[in-house]
Amino acid sequence: MQNSPRQIFPGVFLIRGRIATASLAPGFRVYNEDTEKIGGVQYRLWNARKSKLGAAIVKGLKNLPITPGGSVLYIGAASGTTASHVSDIVTGEGVVFCVEFAPRAVRDLVKVCERRENMLPIPEDARTPENYADVVAEEAPDGVDAVFQDVADPEQVRILKINCERFLKKGGTALLALKARSISGTGDPQEIYARVLREVQTDFEVVQRIDLAPYDIDHMFLALRKKS
Ligand SMILES: C[S@@+](CC[C@H](N)C(=O)[O-])C[C@H]1O[C@@H](n2cnc3c(N)ncnc32)[C@H](O)[C@@H]1O
């Protein structure tokens with residue numbers, strides 16, 4: 001059948017060349033995304049122009065550490081656009097901890113979480129992980145399988161490190177969407193990337209590096225494996 005979804009990662013599908021996830025909350029859209037019902041399943045087409053994780057998948061991410069039944073710490077969840085696809089992928093057997101500190105975004109995020117039991121909103125600043133350690137420990141006492149971070153903050157690397165040190169399982173994977181212009185408004189993006197790569201290598205092995213252009217200009221996406 002021409003329309004049959006082809007699975008490219010567990011929980012991620014290709015439908016006529018577009019990536020998609022099977023909706024955990026059929027009938028509810030999160031960011032006015034296109035949907036398609038095939039074989040009794042409602043798929044949500046994943047817009048790579050509105051999601052850096054979506055863009056990384058389209059641009060050739062080799063391994064997706066976010067899997068059905070898995071636990072994910074999502075830092076910089078905003079109003080839940082990408083986090084909702086992560087929620088679809090981990091299914092009701094998994095959990096997505098959604099850290100976000102902007103009040104307006106949190107209001108929208110909470111509405112999305114109300115439709116999805118596996119998404120837990122954490123209205124906190126990711127620079128103080130001790131403030132949500134109890135919430136994470138309750139659902140994921142051994143740590144999380146993956147950390148995804150997209151905060152567009154000059155301190156992105158430090159925020160990633162302190163959260164992974166506390167919450168990511170040894171050997172677990174961190175995905176970092178890095179915005180060069182947030183680290184430095186004027187520096188050469190290639191020099192900024194080189195500096196960030198040096199900084200992350202104290203704690204992580206760099207598994208893959210993806211330039212997100214043309215979806216996001218001056219953004220680098222990193223897949224990192226925690227060393228210890
Ligand atoms: C680029 S947006 C994230 C978009 C989102 N990842 C998506 O694809 O749907 C960055 C978000 O990170 C949040 N953020 C930035 N610094 C943060 C911090 N220290 N703690 C928590 N959230 C933060 C911002 O409020 C913003 O909503």
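The first residue of the sequence shown is numbered 1, and numbering continues consecutively from there. Whatever order the structure lists them in is the order used to number ligands and atoms, beginning at 1. Not measured: the values here are computed from a predicted model.
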Would you say the ring centers of Tyr31 and His85 fall short of 6.0 Å from each other? yes
Would you say the ring centers of Tyr132 and Phe167 fall short of 6.0 Å from each other? yes
Show me the donor-acceptor pairs, under 3.5 Å and distance only, between side chains in residues 137-145 and residues at least two apart or in other chains.
from, atom 1, to, atom 2, distance (Å)
Asp145, OD1, Lys169, NZ, 2.7
Asp145, OD2, Ser71, N, 2.9
Asp145, OD2, Ser71, OG, 3.2

Provide, line by line, the atom pairs where ligand 1 and the protein bring an N/O atom each to a distance under 3.5 Å; else say none.
from, atom 1, to, atom 2, distance (Å)
ligand 1, 6 (N), Tyr74, OH, 2.6
ligand 1, 6 (N), Gly76, O, 3.1
ligand 1, 6 (N), Asp150, OD2, 2.8
ligand 1, 8 (O), Thr82, OG1, 2.6
ligand 1, 9 (O), Thr82, N, 3.2
ligand 1, 19 (N), Asp125, OD1, 2.9
ligand 1, 20 (N), Ala126, N, 2.9
ligand 1, 22 (N), Phe101, N, 3.4
ligand 1, 25 (O), Glu100, OE2, 2.6
ligand 1, 27 (O), Glu100, OE1, 2.8
ligand 1, 27 (O), Glu100, OE2, 3.2

Please report the C-alpha distance between Glu36 and Arg16 in whole Å, then the side-chain angles of each, then the deciding distance to 0.1 Å, and finally whether the salt bridge (charged side-chain N to carboxylate O under 4.0 Å, His left out) criterion is met. CA-CA 11 Å; Glu36 204 160 316; Arg16 284 176 281 96; 2.4 Å; yes
Using the six-membered ring wherever Trp is involved, compare the ring planes of Tyr43 and Phe13 and label them parallel, tilted or perpendicular (cut-offs 30° and 60°). perpendicular
Of all heavy-atom pairs between Ile15 and Pro5, which one has the smallest distance, and what is that distance? CG1-CB, 3.9 Å
